[in-house]
Amino acid sequence: MGAAAEVEGVGGMMNLGSKKAIARGVKVAVEEDGAVIDLYVMIRYGHAIPEVAGKLQGSVSGAIESMTGFAVKAVNVHVGGVSFQ
């Protein structure tokens, strides 16, 4: 997802190995009152995880709502590790 990759401190998206994943490192569940997005990411060494996660939530939520007009109920950020690159 482009909005997630553009956030400073994101070292990459994780491979989920699941056919249900829409894109690498992203799962979307659509419910009656909005979409729930799960992001699986690596954080770059030296960046504060809570800050990067907060920026990810805002960026992804805003991008989805502006592109689709669909409400985003939650953006859950799952940190799988630290990237040293």
Side-chain angles (χ1 to χ4, degrees):
M1 169 169 272
E6 294 175 3
V7 173
E8 184 178 347
V10 174
M13 305 299 286
M14 296 176 58
N15 186 359
L16 300 177
S18 169
K19 292 182 181 182
K20 290 186 177 183
I22 290 176
R24 185 174 180 191
V26 180
K27 283 187 180 179
V28 179
V30 179
E31 300 175 358
E32 288 183 21
D33 54 345
V36 176
I37 314 298
D38 286 289
L39 301 175
Y40 297 84
V41 299
M42 300 289 287
I43 302 294
R44 283 195 185 128
Y45 178 78
H47 289 83
I49 293 172
E51 290 177 19
V52 175
K55 290 177 185 177
L56 273 168
Q57 289 172 323
S59 177
V60 170
S61 177
I64 290 174
E65 288 177 354
S66 69
M67 285 188 288
T68 66
F70 199 72
V72 175
K73 184 176 168 182
V75 177
N76 302 311
V77 179
H78 307 273
V79 178
V82 177
S83 170
F84 292 97
Q85 297 179 356

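Fair warning: this is a prediction, and the values are worked out from it, not measured in the lab. Both backbone and side-chain heavy atoms feed into the values below; hydrogens, waters and symmetry mates do not.
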Listed once per pair and sorted, the salt bridge (charged side-chain N to carboxylate O under 4.0 Å, His left out) pairs that draw on residues 75-84, sequence neighbours left out: none
List the atom pairs, with distances to 0.1 Å, where a side-chain N or O of residues 49-66 and a protein N or O form a donor-acceptor pair under 3.5 Å, not counting sequence neighbours.
from, atom 1, to, atom 2, distance (Å)
Gln57, NE2, Val75, O, 2.9
Ser59, OG, Ala3, O, 3.1
Glu65, OE2, Val72, N, 3.1
Ser66, OG, Gly62, O, 3.1
Ser66, OG, Ala63, O, 3.2

Hits for side chain to side chain donor-acceptor pair (under 3.5 Å) against Glu31, two or more places apart or cross-chain, chain-then-number order -> Lys73
Of the non-hydrogen atoms in Met13 and Ala4, which two are nearest, and what is the gap between them? SD-CB, 4.1 Å
For residues 33-48, please give each side-chain donor-acceptor pair under 3.5 Å, one per line with the distance, not counting sequence neighbours.
from, atom 1, to, atom 2, distance (Å)
Asp38, OD1, Asn76, ND2, 3.2
Asp38, OD1, His78, NE2, 2.8

Quick one: list whatever passes salt bridge (charged side-chain N to carboxylate O under 4.0 Å, His left out) with Glu8, sequence neighbours left out. none
